[in-house]
Amino acid sequence: FNEQGSFLWEKEESHYLSALPRGRYIMAAAGDHSRMIFMNPDFKTQADFQGVLFTQFSADDDAGLKYGQACLGSLDGEVIVLHLDRRIYSRQRLGYALKALSCNFATGDMAAIVERTVSTDGKNRQADFLLRLKFNVLAGDDNAPAETLRQATQVAEVVSESEMPVRTVTASAITVTPDIICFVQAAPADGNETAAAI
């Protein structure tokens with residue numbers, strides 16, 4: 001569809017299937033990373049999200065998780081948190097290119113590494129920032145039917161941010177808790193090499 005909602009074209013798309021840890025849901029990632037679908041084992045769609053380029057995700061199908069069960073991030077800085085059992089989701093744009101994302105579904109803590117342009121002495125440069133956020137997908141639109149995926153009334157709140165000492169090429173989350181954020185980074189070193197950073 002175009003920006004006005006008029007139909008343009010459609011095509012078949014390949015999906016890469018991944019069963020979540022308890023097998024209660026299956027995540028299907030489109031081959032071009034533009035779409036993430038969550039299904040139950042009989043392939044009935046529970047949630048379907050489209051985005052620019054989903055590059056970050058984590059998911060768990062534990063019904064006891066309090067704040068969410070899946071966290072998706074796209075390259076353009078859009079973040080989606082959802083709770084499949086409660087049929088509720090939160091979707092927002094951080095406004096920066098997203099390099100890494102981690103969510104703690106039990107505590108509602110999120111950490112993101114983003115790239116933004118900053119000005120130093122009148123010159124623009126690219127810098128990476130670590131954002132700490134709190135999310136809550138407990139309260140949603142109660143007017144929606146129970147079987148409909150409802151949008152949460154709150155979006156994740158940025159509670160702190162700090163410039164990182166090194167630029168990130170790629171980063172993988174180790175953990176995020178109310179007290180600790182830990183990423184392993186591939187960071188530029190002297191010359192054309194890369195080095196690990198934590």
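Just the heavy atoms: all of them, side chains too, but no hydrogens, waters or symmetry mates, feed the values below. Everything quoted here is computed from the prediction, not taken from an experiment. Residue numbers run from 1 in the order of the sequence given.
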Asker: State, to 0.1 Å, how close Phe183 and Ser102 come at their nearest heavy-atom pair, and which atoms those are.
Answerer: CZ-CB, 4.2 Å

Asker: Within the side chain of Arg91, is there an N or O that forms a donor-acceptor pair under 3.5 Å with the backbone of Ala152?
Answerer: no

Asker: Side chains of Asp32 and Phe54: does their closest heavy-atom pair fall under 4.5 Å?
Answerer: no

Asker: Closer than 4.0 angstrom, basic N to acidic O: yes or no for Asp85 and Arg24?
Answerer: yes

Asker: So, the side chain of Asp128 versus the backbone of Glu163: is there a donor-acceptor pair under 3.5 Å, distance only?
Answerer: no

Asker: Is the number of heavy atoms from other residues, nucleotides or ligands within 6.0 Å of CG (Asp121) greater than 12?
Answerer: no

Asker: Which residue pairs pass the side-chain hydrogen bond (donor to acceptor under 3.5 Å, both in side chains) test with at least one member in residues 176-185, sequence neighbours excluded?
Answerer: Thr168-Gln185

Asker: Between the main-chain N or O of Leu65 and the side-chain N or O of His83, is there a donor-acceptor pair closer than 3.5 Å?
Answerer: yes

Asker: List the steps and the verdict of side chain to side chain contact (heavy atoms under 4.5 Å, CB included) for Phe57 and Met27.
Answerer: CA-CA 10 Å; Phe57 65 87; Met27 183 174 68; 3.0 Å; yes

Asker: Keeping the roles fixed (side chain from Gln126, backbone from Glu115), state whether a donor-acceptor pair exists under 3.5 Å.
Answerer: no

Asker: Counting C-beta onward and ignoring hydrogens, is there a side-chain heavy-atom pair between Ile26 and Phe43 closer than 4.5 Å?
Answerer: yes

Asker: If the threshold is 4.0 Å, N to carboxylate O, is there a salt bridge linking Lys134 and Glu157?
Answerer: no

Asker: As a quick check of understanding, evaluate side chain to side chain contact (heavy atoms under 4.5 Å, CB included) for Leu53 and Asp76, giving each step before the final call.
Answerer: CA-CA 7 Å; Leu53 186 65; Asp76 66 344; over 6 Å; no

Asker: Mind checking the CG-OG1 spacing from Asp48 to Thr45? Nearest 0.5 Å is all I need.
Answerer: 6.0 Å

Asker: Show your reasoning for whether side chain to side chain contact (heavy atoms under 4.5 Å, CB included) applies to Gln46 and Arg87.
Answerer: CA-CA 8 Å; Gln46 302 298 306; Arg87 311 286 298 142; 3.6 Å; yes

Asker: Quick one: closest heavy-atom pair of Asp61 and Gly23, and the distance?
Answerer: OD2-N, 3.0 Å

Asker: Could you grab the distance from atom CE of Met164 to atom CG of Leu130, nearest 0.5 Å is fine?
Answerer: 5.5 Å

Asker: Quick check: closest heavy atoms across Ser119 and Asn124, and the distance to 0.1 Å?
Answerer: CB-OD1, 3.7 Å

Asker: To the nearest 0.5 Å, what is the distance between CZ (Arg86) and NZ (Lys66)?
Answerer: 8.5 Å

Asker: Taking NZ, NE, NH1 and NH2 as the nitrogens, is one of them in Arg22 or Asp60 under 4.0 Å from a carboxylate oxygen of the other?
Answerer: yes

Asker: Can you pull the ring-ring contact (aromatic ring centres under 6.0 Å, His included) pairs that have at least one residue in residues 98-137, sequence neighbours excluded?
Answerer: none

Asker: Would you mind reporting whether Val114 and Leu131 have side-chain heavy atoms less than 4.5 Å apart?
Answerer: yes

Asker: Is there a donor-acceptor pair closer than 3.5 Å between any side-chain N or O of Asn40 and the backbone N or O of Lys44?
Answerer: yes

Asker: Could you give the distance from CD1 (Ile181) to OG (Ser162), rounded to the nearest 0.5 Å?
Answerer: 7.5 Å

Asker: Quick check for you: to the nearest 0.5 Å, what is the distance between Thr170 atom OG1 and Lys99 atom NZ?
Answerer: 9.5 Å

Asker: Whether Arg132 and Glu161 form a salt bridge (side-chain N of Lys/Arg under 4.0 Å from carboxylate O of Asp/Glu) is what I want to check.
Answerer: no

Asker: Taking the side chain as every heavy atom from C-beta outward, state whether Val81 and Tyr67 have any atom pair closer than 4.5 Å.
Answerer: no

Asker: Answer yes or no: is there a side-chain heavy-atom contact under 4.5 Å between Leu72 and Gln56?
Answerer: no

Asker: Are Val176 and Val79 connected, step by step, through hydrophobic side chains (Ile, Leu, Val, Met, Phe, Trp, Tyr) whose heavy atoms are closer than 4.5 Å?
Answerer: no

Asker: If you take all heavy atoms of Ala29 and Met36, which pair is closest and at what distance?
Answerer: CB-SD, 3.6 Å

Asker: Hey, does Leu75 have a side-chain heavy atom less than 4.5 Å from the side chain of Val52?
Answerer: no

Asker: Work out which heavy atom in Met110 is nearest to a heavy atom in Ala156; give both atom names and the distance.
Answerer: CE-CB, 4.3 Å

Asker: Can a side-chain donor-acceptor contact be found between Arg125 and Thr120 if the only test is distance below 3.5 angstrom?
Answerer: yes

Asker: Does one hydrophobic cluster hold both Tyr96 and Val166, with members joined at side-chain heavy-atom distances below 4.5 Å?
Answerer: no

Asker: Got a second to check how far Arg93's CZ is from Leu98's CG, nearest 0.5 Å?
Answerer: 11.5 Å

Asker: Do Leu82 and Phe49 pass the side chain to side chain contact (heavy atoms under 4.5 Å, CB included) test, and can you show the C-alpha distance, the side-chain angles, and the key distance before you say yes or no?
Answerer: CA-CA 11 Å; Leu82 63 146; Phe49 294 103; 3.9 Å; yes

Asker: Within the 3.5 Å criterion, strictly below it, is a donor on Gln154 or Ser90 matched to an acceptor on the partner's side chain?
Answerer: no

Asker: Decide whether Gln151 and Tyr89 meet the rule of one side-chain donor and one side-chain acceptor closer than 3.5 Å.
Answerer: yes

Asker: Hey, does Leu133 have a side-chain heavy atom less than 4.5 Å from the side chain of Leu94?
Answerer: yes

Asker: Report yes if the side chains of Asp109 and Cys103 come closer than 4.5 Å at any heavy-atom pair, otherwise no.
Answerer: no

Asker: Taking Ile37 as the starting point, is it possible to reach Leu17 by hopping between hydrophobic residues whose side chains are less than 4.5 Å apart?
Answerer: yes

